[in-house]
Each structure stands twice: as C-alpha cells, then as structure tokens.
Trainee: 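Take this structure, written in structure tokens, and hold onto it; I'll ask about it next.
In what follows, every chain begins at residue 1, and chains take the letters A, B, ... in the order their sequences are listed.
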There are 2 protein chains.
Amino acid sequence: MLKPYRLSNEEKIDLRHFDPNDTGEIKSKEEIREEFEQLEHKLRELQDKLFAAKSHGVLILFQGMDCSGKDGVIKKVLSNLNPQGFRAESFKKPTADEAAHDFLWRTHKVVPGKGFITAFNRSYYEEVLITRVHGIIKDDEAKSRLHHIRHFEQMLADSGVVVIKIFLHISPDFQLEKIRERLENPEKHWKFDPSDLEERQYWDQYQAAYEDVFRYTATKQAPWYIVPANERWFRDYLVLRIVLRAMEKLELSYPQPKIEVQTLLEKLREELPSD
Amino acid sequence: MLKPYRLSNEEKIDLRHFDPNDTGEIKSKEEIREEFEQLEHKLRELQDKLFAAKSHGVLILFQGMDCSGKDGVIKKVLSNLNPQGFRAESFKKPTADEAAHDFLWRTHKVVPGKGFITAFNRSYYEEVLITRVHGIIKDDEAKSRLHHIRHFEQMLADSGVVVIKIFLHISPDFQLEKIRERLENPEKHWKFDPSDLEERQYWDQYQAAYEDVFRYTATKQAPWYIVPANERWFRDYLVLRIVLRAMEKLELSYPQPKIEVQTLLEKLREELPSD
C-alpha cells in the first residue's frame with residue numbers, strides 16, 4: 001500500500017496531482033483502530049531489537065508547510081517508543097554559531113547512532129526551502145545544496161542509517177482552518193506565530209521548491225514519502241506503516257551472548273536456594 | 001503519601017531501615033490501575049503547559065544499584081510524554097574528552113532548558129559512588145565533590161529547574177534474581193554485563209556511599225526520594241506521584257497571547273466562507 005506515496009527515482013512530480021484528502025482504501029479511523037494498536041506494539045518490539053543489535057540507526061525526517069502536523073505525528077505515532085532509544089530533534093532559526101558553519105553541520109551532530117531512532121521536526125531541507133523562497137540563496141546555490149544533501153544521505157545510508165523522509169501534504173484551505181482553530185482556542189494561542197499568516201502568501205513558491213527537493217533527492221536509499229495529511233488519522237497510520245516497513249527490512253534480531261550463559265547460571269543457582 | 005520517602009534535610013540515614021518491598025498502604029497493582037492512568041494523563045497535561053509556559057525545566061535523576069530498574073521506570077512512567085519536550089540521557093563510561101573536564105561538565109551540557117523535562121539514567125552522582133567504592137578518589141575528594149554538587153543543584157533550582165532525585169532501592173537477593181532472569185531469557189542476554197556480578201561484592205560499600213550522598217545533598221530545593229523498587233508497580237506509581245507533585249507546585253498555566261486574537265480572527269473569517 002505504500003507504493004503510491006513513495007518517490008525513489010529523482011522524479012519530477014506535480015504536487016497538485018497528490019490529493020491531501022486521500023485515505024487510500026480506508027474509509028474511516030474506526031476501520032484501522034485495532035490494527036493501529038498492533039502496529040504500534042510491533043514498532044516497540046522492533047525498537048527493542050534495534051537497540052539490542054546496534055547494527056543500524058533510523059532517521060525519520062518530517063517536512064511540511066506550517067500546520068501540516070509535524071508536531072502531531074511525532075506525538076501520536078512515535079511517543080510510545082522507549083525514550084532511551086528515541087529522540088525528537090527540532091530545528092528553529094539557527095544560532096550565530098550554527099549560521100557560521102556549513103548548512104549540514106548542526107543537523108549532522110544529532111543524526112541517530114546505531115541502535116537509535118531519531119525524528120527530525122524540520123531539517124537541513126529548510127536550507128533549500130525557506131531560504132530559496134525568500135531569495136536568501138539563488139537557484140544555483142539551491143541546486144548545489146540539493147546535490148550535497150543527496151551525497152550526505154547516501155553516506156548516512158552506507159553507514160547503516162535508514163533514512164526515511166516524509167512530506168506531510170496539506171491543502172491551503174486546511175491550513176487556514178488550523179490557524180483559525182489555534183486562534184479560537186486560548187490553550188493553543190501560544191502555538192500561533194503571526195509569521196505563519198505571512199508565509200501563506202508564498203504557498204506556490206514553497207510547493208515548487210518542494211518539487212525540486214523531490215526531484216533531486218528522492219533516491220532508493222533515501223526515498224521521500226508524500227503523506228496526505230488533511231485526515232490526521234490517515235497521516236498517522238501511513239507514517240506508522242512506512243516506518244515499520246523500513247525497519248522490518250532490516251531483519252533485526254537479538255545479538256548472541258558473548259558470555260558462557262550456562263556456566264554462569266549454574267554458579268548463580270548455587271547462590272540462590274531455590275529455582 | 002510522599003513524606004516517608006523524601007529526604008530534604010541533609011539527614012544521616014541508614015538504608016537498612018528502608019524496606020525495598022514496601023508498598024505503602026497499597027495492597028496490589030490492581031488497586032491503583034485506574035488511578036495510574038489518570039495520573040499519566042495529568043502528567044501529559046502538565047508537560048504541555050510546561051512546554052507552553054517555558055518558565056521552568058524539570059530534571060528527574062535516577063540512581064540505584066544494577067538491576068534496580070532505572071531503564072524500566074523511564075520506559076514505564078515517562079515514555080508517554082511528548083518526546084518533543086522530553087529527553088532521556090544516560091551516562092556510560094566517560095570518553096577521553098569528558099574525563100579531561102571537571103566532573104560536572106558532561107552532565108551540565110544536557111540539563112533541561114525551560115519548557116523541557118529531562119530524565120538522567122545515572123548522573124554526576126556516579127562520580128562520588130563508583131569512583132569512591134573503587135578507591136579512584138579519596139574520601140576528602142568525595143566530600144569536596146558532594147559540596148560542589150549541592151551548590152550546582154542549588155544554582156539549577158535558582159535558575160528555574162525543578163530537581164527531583166530518585167534512588168531506586170532494591171535488596172541484594174532481588175538483584176540476584178534479576179541477573180538470573182536476564183541469563184535465562186535469550187532476548188535479554190545482551191543486557192547482561194559480567195561486571196554486574198563483580199560489582200555485587202561491593203554492595204555494602206555502595207550503600208554507605210549512597211548514605212553519604214543523601215547526607216550531603218538532600219536539600220529542600222533538591223530532595224532525594226528513596227523509592228522501594230522490589231515491587232516494580234509500586235516503584236512506577238510512586239515515581240509518577242513524585243514527579244506530578246513537583247510539577248503541580250509550579251502552578252503552570254498557558255501563556256497569554258501577545259497578539260490581537262480578535263482582530264486576526266475577523267480577518268480570517270473574511271477569507272473563509274463559512275464558520
């Protein structure tokens with residue numbers, strides 16, 4: 001079921017052909033409620049094996065327009081993971097020190113080590129999106145960065161990091177509704193940033209910049225997934241399936257002990273009176 | 001109910017007077033099952049407010065003998081938190097660079113900022129425990145470090161960080177049982193470290209070193225809690241209550257918006273056809 005959402009061939013796509021309301025073959029949230037819980041359970045099991053095996057890291061990178069639900073999907077899909085092997089990293093405006101370095105520096109520092117899962121809420125892709133839309137970098141600079149990103153992700157993959165890139169796809173009307181919801185709920189006022197409304201004016205430029213991102217960085221080793229995100233429950237379900245599929249392919253198993261288990265157990269039995 | 005477990009007056013205590021099997025007034029896990037879920041829900045609500053308010057950080061520090069359940073309590077009690085505002089940090093053998101710095105350096109780097117909760121699985125207290133038991137530092141060096149820890153924690157508290165220190169208290173027999181369980185379950189072999197068995201020989205020295213820790217660093221601003229941990233369900237319940245109580249005292253609330261909400265809403269209503 002993941003194929004229609006996966007881009008892995010540096011394709012030139014048109015985002016308008018992807019329906020943000022799409023829910024695949026599934027009619028309602030109720031239909032998948034039980035399966036969702038089973039999948040969550042499976043993910044925790046796989047995380048435990050990943051942590052024990054220390055053979056791979058998993059990087060799940062989320063991009064999307066404001067209100068596309070990056071925070072929400074991390075909270076709903078990934079917050080049941082064991083926090084000792086999972087981390088969510090978010091990237092705000094760079095500090096002076098970060099801005100003084102190359103554009104991959106601050107994110108590279110926090111990629112997952114072997115045994116760990118890391119979610120990126122935004123990423124180095126902002127360096128070819130917001131910067132490009134606002135003319136901070138020129139098109140040829142953007143192309144050069146996209147080129148470096150492709151190589152960087154290839155290097156990660158060659159070093160045992162599974163790279164999963166997810167674009168949460170929403171419609172402009174849906175975004176406006178979400179902004180209004182934030183304003184109408186006093187407990188959500190703090191989440192509202194007036195600049196979100198200004199950025200809306202650049203919607204088409206952002207979509208075009210994203211299309212270039214997919215075209216230059218969607219590879220077999222580091223595919224992009226266009227996840228329809230107007231229906232939050234489908235967004236969550238699809239992301240869970242995507243992450244699970246990528247981890248299942250690793251065929252993880254618990255490592256063999258390096259110790260003489262039987263000898264040790266006999267020694268312990270002498271110390272403990274009963275079995 | 002927390003009072004019998006709290007040390008906040010630099011007291012000289014004898015750990016043998018604390019029963020690792022204690023479950024307070026509660027007879028069984030079933031008795032608190034429903035309450036536990038309500039408390040978990042409450043913790044998530046408080047975390048959301050903490051994140052929004054950005055007025056305080058929360059540091060929850062776990063210490064205890066091998067197999068006391070530091071990993072387990074983080075997984076059971078804290079893994080439902082929103083990972084975007086929560087982090088678990090664990091401290092293994094220091095790297096060369098870390099060892100070349102003062103003993104608070106590597107942990108200070110990862111204390112929670114305002115809005116965040118951080119759990120420490122082990123901490124700078126190892127620098128007055130394992131080092132002391134194995135004679136790597138002398139007693140007067142240990143006293144000096146304990147003195148610096150007290151000031152460091154006071155500085156954190158004065159800077160808006162709630163410091164919660166939890167000692168997971170188990171018995172030596174219980175530890176042996178746990179080690180045997182790890183050896184008997186092939187999926188847990190990887191967790192077994194032969195040095196755990198060697199460290200068992202120093203049990204009494206460790207308990208004495210902990211007693212000194214409580215004596216010199218249990219303060220009103222940064223209390224220690226002796227949590228009985230032979231019964232895992234009571235350990236989880238008590239830790240949850242401790243964290244909740246500390247966060248409730250902050251009287252957190254969502255911040256007031258700095259923006260003209262009504263003006264903006266009217267503008268948005270013009271853009272959207274219906275309510």
Side-chain angles (χ1 to χ4, degrees), chain A residues 44-45 48-49 51-54 70-72 74-76 78-90 117 119 121 172-173 176-177 179-180 182-194 197 200 253-262 264-265 267-269 271-273 275, chain B residues 44-45 48-49 51-54 70-72 74-76 78-90 117 119 121 172-173 176-177 179-180 182-194 197 200 253-262 264-265 267-269 271-273 275:
Chain A
R44 280 195 298 272
E45 279 180 357
D48 202 49
K49 283 187 185 169
F51 193 78
K54 296 269 189 295
K70 299 180 289 293
D71 290 11
I74 292 174
K75 195 169 160 181
K76 297 271 182 57
L78 303 172
S79 77
N80 277 312
L81 291 173
N82 185 339
Q84 289 164 111
F86 172 68
R87 218 159 239 219
E89 298 283 352
S90 66
I117 304 174
N121 184 337
D173 283 357
L176 197 59
E177 270 295 334
I179 291 176
R180 194 172 59 164
R182 284 186 185 175
L183 288 171
E184 282 174 347
N185 180 351
E187 295 201 346
K188 289 190 171 176
H189 282 164
W190 65 278
K191 283 189 180 175
F192 176 78
D193 181 345
L197 279 176
R200 264 178 68 75
S253 58
Y254 289 102
Q256 290 302 307
K258 287 182 198 116
I259 42 156
E260 278 296 333
V261 171
Q262 283 316 318
L264 270 170
L265 269 173
K267 229 177 90 186
L268 287 188
R269 282 197 187 101
E271 281 196 58
L272 276 172
D275 232 55
Chain B
R44 281 194 298 273
E45 279 181 356
D48 201 50
K49 282 187 185 169
F51 193 79
K54 296 268 190 295
K70 299 180 287 293
D71 289 12
I74 292 174
K75 195 169 159 180
K76 298 271 181 58
L78 303 171
S79 75
N80 277 311
L81 291 173
N82 185 339
Q84 289 164 111
F86 172 67
R87 214 159 242 217
E89 298 282 351
S90 67
I117 304 175
N121 184 338
D173 284 357
L176 197 60
E177 270 295 334
I179 292 176
R180 195 172 61 165
R182 284 187 184 175
L183 288 171
E184 283 173 347
N185 180 352
E187 296 201 345
K188 289 191 171 175
H189 282 163
W190 65 276
K191 282 189 181 175
F192 176 77
D193 181 344
L197 279 175
R200 265 178 67 74
S253 58
Y254 290 102
Q256 289 302 307
K258 289 182 195 114
I259 41 155
E260 277 297 335
V261 172
Q262 283 317 317
L264 270 169
L265 269 173
K267 229 176 91 186
L268 287 188
R269 282 198 187 101
E271 282 195 57
L272 277 173
D275 232 54

Trainee: Kindly determine whether B/E45 and A/E187 satisfy side chain to side chain contact (heavy atoms under 4.5 Å, CB included), including the steps that lead there.
Mentor: CA-CA 11 Å; B/E45 279 181 356; A/E187 295 201 346; over 6 Å; no
Trainee: Between atom CD of B/Q256 and atom NE2 of A/H189, what is the distance when rounded to the nearest 0.5 Å?
Mentor: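 Reported to 0.5 Å precision, the distance equals 9.0 Å.
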Trainee: Any non-hydrogen side-chain atom of A/L264 less than 4.5 Å from a side-chain atom of B/L197?
Mentor: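 SC-SC contact between A/L264 and B/L197 confirmed.
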Trainee: Supply the atom-to-atom distance A/Y254 OH to B/N185 CG, rounded to the nearest 0.5 angstrom.
Mentor: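 That separation rounds to 8.5 Å.
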Trainee: Taking side chain as everything from C-beta outward and backbone as N, CA, C, O, which of these in A/D71 sits under 4.5 Å from a heavy atom of chain B? Side chain, backbone, both or neither.
Mentor: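 A/D71 touches chain B through backbone and side-chain heavy atoms alike.
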Trainee: Is the shortest heavy-atom distance from the side chain of A/L81 to the side chain of B/S79 under 4.5 Å?
Mentor: no
Trainee: Below 4.5 Å, heavy-atom pairs only: which of B/P194, B/A52, B/A88 has the largest tally toward chain A?
Mentor: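 With the most close heavy-atom pairs to chain A, the winner is B/A52.
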Trainee: As an exercise, state the distance from CD of B/Q84 to NZ of A/K70, rounded to the nearest 0.5 Å.
Mentor: 10.0 Å
Trainee: Is it the side chain or the backbone of A/P83 that comes within 4.5 Å of chain B heavy atoms, both, or neither?
Mentor: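 Both parts, heavy atoms under 4.5 Å.
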Trainee: Check step by step if side chain to side chain contact (heavy atoms under 4.5 Å, CB included) holds for A/R44 and B/K75.
Mentor: CA-CA 11 Å; A/R44 280 195 298 272; B/K75 195 169 159 180; over 6 Å; no
Trainee: To the nearest 0.5 Å, what is the distance between NZ on A/K191 and CZ on B/F51?
Mentor: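 A/K191 NZ to B/F51 CZ: 8.5 Å, rounded to 0.5 Å.
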